[in-house]
Structures are given as structure tokens and as C-alpha cells.
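Step one of this worksheet: look at the structure below.
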Amino acid sequence: MTPRNPRDGDPLDREVDEALALANESPPQGPEQPVDKEDEDWADAALNLANGRPDRPAPERGRDDSADPTGTDWAETALDLAHERPAKRRECRDETGGDGGGEAGDPEADVYVWRQFLGNSTSEGTGSKNLRPRAPAPKPPAPYPKRTPAPPTSQPHPLMDKPHHSPTSWPDARAIAARAAVKEAAHAAPVMRPLSEALGQVLAAPLAALTDLPPFDTSAMDGWALAGPGPWRLPTDDEDQDHGILAGHGEAAALPDGHAVRIATGARVPPGATAVLRSEYGTDAGDGWLHASAAHPVVLGQDIRTRGQECRSGDQLLSAGTLVTPAVLGLAAAAGYDELPTVRRPRVEVLVLGDELLTEGLPHDGRIRDALGPMVGPWLRALGAEVTGTRRLADEADAVCAAVAESSADVVVTTGGTAAGPVDHVHPTLGRLGAELLVDGVAVRPGHPMLLARLAPENLESSESSESSENPESSEKSEKAENPGPQTRPARHLVGLPGNPLAAVSGLLTLAEPLLRTLTGRPAPAPGPAPLAEAVQGHPRDTRLVPVTFRQDAAVPLRFNGPAMLRGIAVADGLAVIPPGGAKRGTEVEVLDLPWSAIATEQLSYADHMRHADQSRPTGRASRGTDQASSADRAGQGADRTHRAPQASHRKDKAAGHGDGEDISPEEGPA
Ligand SMILES: Nc1nc2c(c(=O)[nH]1)N[C@H]1C(S)=C(S)[C@@H](COP(=O)(O)OP(=O)(O)OC[C@H]3O[C@@H](n4cnc5c(N)ncnc54)[C@H](O)[C@@H]3O)O[C@H]1N2
Ligand code: MOO
């Protein structure tokens with residue numbers, strides 16, 4: 001390998017991507033390893049490190065290095081073309097404009113064709129790595145079933161005419177995504193939900209107590225209510241009412257001074273009572289008198305929970321933005337609520353693009369299983385979205401464009417097709433629909449082609465008048481009832497996730513999470529730094545997101561973290577944010593939580609989803625070519641993951657907040 005100047009830009013990217021990809025397939029790297037030459041550039045050093053690993057798949061690299069007898073650095077050429085030359089971005093427009101993918105012999109077009117043919121390559125890692133076996137020419141497997149260039153009527157995307165722009169930095173991208181839907185979030189009216197349907201929702205307003213709690217003075221123990229000092233006169237046989245005062249009884253007669261009456265835990269303490277004596281601390285000798293044990297002298301007010309001890313009517317119990325957990329449901333019920341004001345869940349539709357994708361069975365003939373269809377919907381639900389459906393679309397420009405234009409969802413999430421290949425239809429679609437690109441590429445690995453766009457309102461209006469929606473799971477009726485007309489309808493957004501599966505996860509956490517956080521009214525997560533158990537190589541300019549697991553409060557980087565791999569993330573506790581340049585062992589890095597905790601609420605969300613789906617069952621052609629989200633989403637109900645604490649112990653301090661109201665009276669003692 002020729003050492004490269006780190007300032008070379010894309011060639012460096014290639015080296016870095018390759019190095020990272022190789023490292024991805026190796027065990028987590030240990031502490032800093034020796035670098036042979038001081039002036040060796042970063043990428044070479046990275047590669048050396050990767051090369052030194054025992055289980056690096058060396059043959060693949062060896063094959064690649066010798067693969068091109070002409071010595072052409074074809075991957076570098078491809079990246080040069082893709083990144084540097086403005087005219088080449090037009091290839092996408094040309095493609096959508098009808099010439100089908102560039103001139104004969106155009107290296108970029110060539111590369112893209114090969115990439116598509118080699119989409120099922122066994123090599124893992126970056127997109128560029130997929131390009132490697134370009135020469136000598138391998139026999140391509142059977143072509144994909146369909147590949148249609150866009151019709152000549154397509155409009156070019158505005159950015160296609162511009163020189164290649166800089167990607168947005170990772171922190172900026174998240175901030176932009178969090179701000180993107182602020183207006184829409186403010187616009188959404190709260191939805192009143194019965195308690196039985198509120199689990200997993202977010203409170204749209206503060207929760208104020210509707211009653212004092214406890215609502216009356218209550219006995220904290222089974223025993224006797226007492227009035228004044230003892231011994232105490234017990235009711236005569238005639239006066240005794242079976243078990244005395246039980247929970248649920250109305251107000252009892254006043255207790256005269258010097259008298260006692262049997263009382264149960266939770267029963268209303270009679271007027272005049274000054275304390276409760278636990279049954280184990282008193283003796284009824286059968287002579288009509290009750291004596292307290294000498295070891296337990298009675299203290300005024302003991303074992304009585306006084307009215308309003310927990311809250312007075314009107315006290316604020318919870319703030320807006322609180323996630324409705326089982327405990328919140330209990331508190332709300334105790335405080336007198338039958339239903340709760342909740343933030344309307346943003347409705348999200350998932351569009352999975354790719355002719356090469358199979359929905360069942362084993363990969364064959366160059367085709368692979370769709371890993372994103374089963375994953376993205378449940379992931380979005382865990383982030384608080386109501387997923388109206390997951391549709392799989394062919395790589396056809398018009399189909400993609402129509403699906404986006406006709407979707408009634410607040411947020412459309414696409415997977416694949418974000419790059420500039422001949423059948424990557426996301427940018428051209430956004431161009432045709434006049435969408436505003438808020439984020440177009442992010443300086444993050446994996447996932448750099450991810451994007452966020454605001455869809456033009458006119459598309460929404462035209463889609464509303466359209467009779468030909470192919471989305472069987474959209475709840476058009478309920479949507480329209482909630483939103484009276486196009487002029488009052490909020491804008492919609494589109495999140496474009498790259499097709500490589502871990503790159504798609506990166507897009508979910510970078511763009512979808514902040515966008516949905518705003519739309520669902522949830523507060524931003526508290527930053528949760530953790531020390532790295534091992535050094536992690538960085539990209540020279542871009543942030544890296546690396547799956548980690550927690551061991552003894554440290555973040556341990558996981559293997560199999562290449563862009564096309566899900567093996568690492570499937571066992572991860574979070575994604576470590578590795579700043580450009582990498583991070584040494586022991587460095588505190590931010591760790592993004594995975595939203596599995598919300599999956600505990602999925603039973604309800606799923607029921608909810610099914611209810612909507614039932615209400616909007618497709619009629620006629622509407623179901624054609626679609627994939628009901630249900631099977632995919634059901635698969636995501638990984639209850640087995642809920643045992644894993646979503647936030648590692650290193651962030652336990654987040655839960656340490658206490659209110660003023662200490663709730664255990666000294667008399668009552670610890671529960
Ligand atoms: N010349 C360049 N090519 C590529 C670049 C680049 O910078 N220059 N970036 C690479 C990176 S990084 C990524 S990520 C991908 C993003 O591409 P797309 O979003 O257009 O995705 P596709 O091309 O459709 O697919 C990429 C890859 O992922 C597989 N895939 C797609 N969907 C699924 C799915 N639902 N389940 C499983 N796997 C899926 C697909 O088969 C491809 O292998 O672009 C690179 N190229
Ligand atoms: O490598 Mo891509 O980073 O999979 O976004």
C-alpha cells in the first residue's frame with residue numbers, strides 16, 4: 001500500500017474505511033499498538049493495526065491488492081468521482097432525467113453498476129469495500145429483477161447542480177433534527193387517552209392531583225384506633241361490629257376519649273382517634289380492656305397516614321413530557337384520573353427500498369434478506385412513533401416518488417437509495433417533490449449518506465386529494481378528523497436512512513431519534529458519558545458510532561461493527577460516540593442509549609397499531625405491493641431484551657433526584 005498524505009481527502013477516507021472495516025471484523029482493539037514510522041499517516045497506521053490482528057480476514061485484502069493488474073486504484077477513482085466532481089452528482093439527475101446512468105465507460109457509472117451487481121458480496125464494511133473486486137472482471141451474478149431509470153419528466157434535485165457540499169457535523173445534524181419539527185410539535189393537540197391506553201405515551205400537560213392523597217386519615221396498620229392515653233375500653237360484645245372498621249367503610253362514629261376500636265389497614269380512622277396500635281403491640285385480655293405492650297409506648301399520631309400527606313388537591317405531581325410508565329398509571333389513578341392528556345404520537349411510515357431484498361428464506365442469486373423492514377418499524381415505535389406501516393418498494397423512481405408523495409404520515413422513513421447510484425431514488429424523489437433538505441449527509445461513520453428533509457406542503461395537499469393511496473395502513477379518516485384542512489396541516493418530514501444496516505441504525509439515532517423526541521414531547525436524554533475499556537480508532541474527520549456493551553461501568557467496544565453488520569449492535573447496550581481522531585482507553589465518551597426500555601410498552605403500542613390497521617383496512621388495490629407492518633413489528637417485541645437495563649449503572653445518578661416530600665412517617669417506619 002502506498003502511504004498517503006492525510007490531506008488527500010477521499011483516498012484517505014478509503015484507507016480509513018478499509019482500515020475500520022478490517023478492524024470491525026477483528027476483536028476490539030487493545031490499548032494503543034505500536035506505530036512503525038513516526039511520519040506514517042494515520043490511515044496506514046490504522047491499517048497496520050488491523051493487519052496485525054490474528055483473525056483479520058487477510059485473504060480478502062490480499063485478493064483485493066492483486067485484483068487490479070493495471071494498478072488502477074479504482075476505488076479511489078470512484079470516491080474521487082463521487083465526492084469531488086460536481087458534474088458527477090448530475091449522474092443522479094441524468095439517471096432520473098432518463099439517460100439511464102452516464103456515458104459508456106464512465107468510471108463512476110461503472111462502479112455503481114458493479115456495486116449494485118456486487119450488493120450481496122460477502123465482503124463487509126464500507127460501501128467502497130463492496131467495490132473492490134472490479135478487475136479482473138468477475139462474473140456478475142444474475143441481475144436484479146427490476147431496474148428502472150426514472151422517466152424523463154423527473155425534475156433534478158437542486159443539489160445535484162451544486163458542487164459536492166460538506167456533510168453536516170454529527171452534533172449539528174442532531175440539533176437540526178431536534179429543531180426541525182418544533183412547530184409541528186407545538187401544533188399538535190393533546191389526545192385524551194383512557195388509562196388503559198396510555199402506557200408508553202407522553203404526558204402533554206402537567207399532572208395535578210385531583211384529590212388529597214390520602215383522601216382521608218387512614219390507618220397504616222391492622223390493630224386498634226385509640227383515643228387518648230390507655231388502657232382503652234373496647235366495645236362490648238353488643239357494640240362490636242364483627243371485624244371493626246374495615247377499608248372501604250364510610251365515616252365511623254366518633255371515638256370517645258379512652259376508647260379503642262379494631263381497625264384494618266387502609267380503613268378510615270374515626271374522628272377522635274389519636275393513634276393506631278398495631279395488633280402485635282397490644283393485648284386484649286378479654287376483660288374489655290386493651291393494653292399496649294410496655295416495649296411499645298404509644299406515640300401521638302402513630303400509624304395514622306394523615307389526609308394530604310402525599311399531596312394536596314391541585315399539587316403538581318408530574319410535569320409535561322413525562323413518559324407514562326406503569327407507575328405513572330398507578331399514580332394517576334390514585335390521584336383521580338380516568339384518562340390522561342397525552343402527546344399525539346407522530347405517525348410514521350417506513351418505506352424499504354431495494355430490488356435485491358427478500359422477505360423470507362435464505363439469500364440466493366445475489367439477493368439478500370431485508371434486515372431493515374423487521375427492525376426499523378419497531379425501533380421507531382420504541383422511540384415513541386405510531387408506525388402506520390412498513391412498505392417494501394421496488395427500485396422504481398415513480399413508485400418511490402408516489403409512495404412518499406401519497407403518504408399521510410407525519411414522518412416518512414426510507415431505507416436505502418440515499419446514495420447517488422443509478423437506482424438510488426431518494427434524492428431525485430425529494431427534488432421532484434420540491435422538498436427542503438435540512439441535512440444532506442452527516443460526518444458520521446457509519447451512515448454518512450443519511451438525510452433529513454421537510455416535504456413541501458403542496459405535496460401534502462395533492463396527496464390528500466389523491467384517490468389512489470396505496471398505503472393500506474394509513475388512517476386517513478382519523479387523521480382528517482384530527483386535522484381539519486390542508487392549510488392547518490403540519491409539515492411532514494422524511495428521514496432517509498442509508499441501506500447498510502448499521503448505517504441505518506446510525507441514521508435512526510442521529511436523525512430519527514431527535515426528530516421524534518421533539519414530536520413526542522420527550523425531554524432530551526441526559527448525557528451519559530462512560531470511560532472506554534479499550535482504545536477505539538477514529539475517522540480523521542468524522543464522528544464514529546460504535547456499538548458497546550457495559551462491563552463494570554466501562555464501555556467495551558464490540559466487534560462486528562461494520563456498516564453492513566448487525567451482529568455487534570444486536571448485543572450492544574449503546575452506541576459510543578467516538579470523536580474524529582479516535583479515543584484512547586479510559587477516555588469518557590458519550591454513549592447513546594438504545595431505546596429498548598420503551599419496548600416494554602410495546603404490547604399496548606402494538607395493540608394500538610393493530611386497531612388503526614383494522615380501521616383502515618385496504619380496499620381494492622390498496623394492498624398491492626405492500627407489506628403489513630404487523631409481522632415485522634411483531635418480531636420486534638423483544639421482551640427478552642427488557643431484562644437489560646437500558647441505562648448502564650454508570651448513569652444511575654440520573655435517577656437520584658428526590659422531592660421534598662418524605663413519605664414515610666417516623667411512626668410508621670420503613671415499609
Ligand atoms: N461511490 C460511493 N458509493 C457509496 C458511498 C460513497 O460515498 N460513494 N457510500 C456508501 C455508503 S457509506 C453507504 S451507507 C451506502 C448507502 O447507500 P444507499 O443508502 O443508497 O443504500 P443502497 O445502495 O440501497 O444499499 C446499500 C447496501 O445496503 C444493503 N441494503 C439496502 N437495504 C437493505 C435492507 N433493507 N436490508 C439489508 N440490507 C440492505 C444493500 O443491499 C447494499 O449492500 O452507499 C455506499 N456507496
Ligand atoms: O459506511 Mo456507510 O457509512 O455504511 O454509511
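Between Thr415 and Asp370 the shortest side-chain heavy-atom distance does not fall below 4.5 Å. Between Asn500 and Pro446, the closest side-chain pair of non-hydrogen atoms is not below 4.5 Å. Inter-residue side-chain proximity for Val577 and Val589 is flagged as unmet; no heavy-atom pair is nearer than 4.5 Å. Taking 4.5 Å as the limit, every side-chain heavy atom of Asp303 sits out of range of all side-chain heavy atoms of Ser219. Contact of the Arg432 side chain with the Cys401 side chain is registered, since non-hydrogen atoms from C-beta on lie closer than 4.5 Å. Within the 4.5 Å cutoff, no side-chain heavy atoms of Leu393 are placed close to those of His425. Residues Thr265 and Thr218 have side chains not in contact (no heavy-atom distance under 4.5 Å, counting atoms from C-beta outward). Using a 4.5 Å heavy-atom threshold, the side chains of Val387 and Trp379 count as separate.
A donor-acceptor contact shorter than 3.5 Å is absent between the side chain of Arg345 and the backbone of Thr520. In this structure, the side chain of His427 engages the main chain of Thr418 through a donor-acceptor pair within 3.5 Å. Without hydrogens or angle criteria, Thr342 side chain to Val191 main chain gives a donor-acceptor distance under 3.5 Å.
To the nearest 0.5 Å, the span separating CG on Leu353 from CD on Glu396 amounts to 11.0 Å. One finds the CG atom of Leu203 at 6.0 Å from the CG atom of Leu340 (value rounded to the nearest 0.5 Å). In this structure, CG in Leu494 is found 9.0 Å from CG in Leu433, a value given to the nearest 0.5 Å. Within the model, atoms CG of Leu508 and CG of Leu502 stand 10.5 Å from one another, a figure rounded to the nearest 0.5 Å. For the atom pair CG of Asp338 and CE of Met192, the computed distance is 9.5 Å after rounding to the nearest 0.5 Å. Going from atom CD1 of Ile263 over to atom CD1 of Ile304 covers 8.0 Å, rounded to the nearest 0.5 Å.
Heavy atoms only, all atoms of each residue included: Ala530 and Ala555 are closest at CB-CB, 4.3 Å. Closest approach of Pro270 to Ala252, counting heavy atoms only: CB-CB, 4.0 Å. Minimum heavy-atom separation, Arg347 to Ala409: O-CB, 3.3 Å. Pairing each heavy atom of Met450 with each of Ser506, the nearest pair is CE-OG, 3.4 Å. Pairing each heavy atom of Thr168 with each of Ala173, the nearest pair is CG2-N, 3.6 Å. Looking at every heavy atom in both residues, Leu372 comes nearest to Pro501 through CD2-CA, 3.9 Å.
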>> Test side chain to side chain contact (heavy atoms under 4.5 Å, CB included) on Val426 and Val404; report intermediate values, then the result.
In response: CA-CA 9 Å; Val426 176; Val404 173; over 6 Å; no
>> I'd like to know whether Arg268 forms a side chain to side chain contact (heavy atoms under 4.5 Å, CB included) with Glu251, so could you lay out the CA-CA distance, the side-chain angles of the two residues, the decisive distance to 0.1 Å, and finally the verdict.
In response: CA-CA 7 Å; Arg268 189 170 178 148; Glu251 190 170 29; 3.9 Å; yes
> Can you list the steps and then say if Leu545 with Thr510 is a side chain to side chain contact (heavy atoms under 4.5 Å, CB included)?
Replying inline: CA-CA 10 Å; Leu545 299 182; Thr510 302; 3.9 Å; yes
>> Between Val495 and Val411, is the side chain to side chain contact (heavy atoms under 4.5 Å, CB included) condition met? List the steps.
In response: CA-CA 7 Å; Val495 176; Val411 179; 4.2 Å; yes
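The 12-atom threshold is exceeded at CZ of Arg454, counting heavy atoms of other residues, nucleotides or ligands nearer than 6.0 Å.
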Expected list for residues 321-337: side-chain donor-acceptor pairs under 3.5 angstrom, two or more places apart:
from: Thr322; atom 1: OG1; to: Ser319; atom 2: O; distance (Å): 2.6
from: Thr325; atom 1: OG1; to: Ala327; atom 2: N; distance (Å): 3.4
from: Thr325; atom 1: OG1; to: Val328; atom 2: N; distance (Å): 3.1
from: Tyr337; atom 1: OH; to: Ala208; atom 2: N; distance (Å): 3.3
from: Tyr337; atom 1: OH; to: Ala208; atom 2: O; distance (Å): 2.5

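Using a 4.0 Å cut-off between a side-chain N of Lys or Arg and a carboxylate O of Asp or Glu, Asp410 and Arg492 do not qualify as a salt bridge.
Applying the salt bridge (charged side-chain N to carboxylate O under 4.0 Å, His left out) test to every pair with at least one member in residues 170-189, sequence neighbours left out, gives these pairs: Arg174-Glu513.
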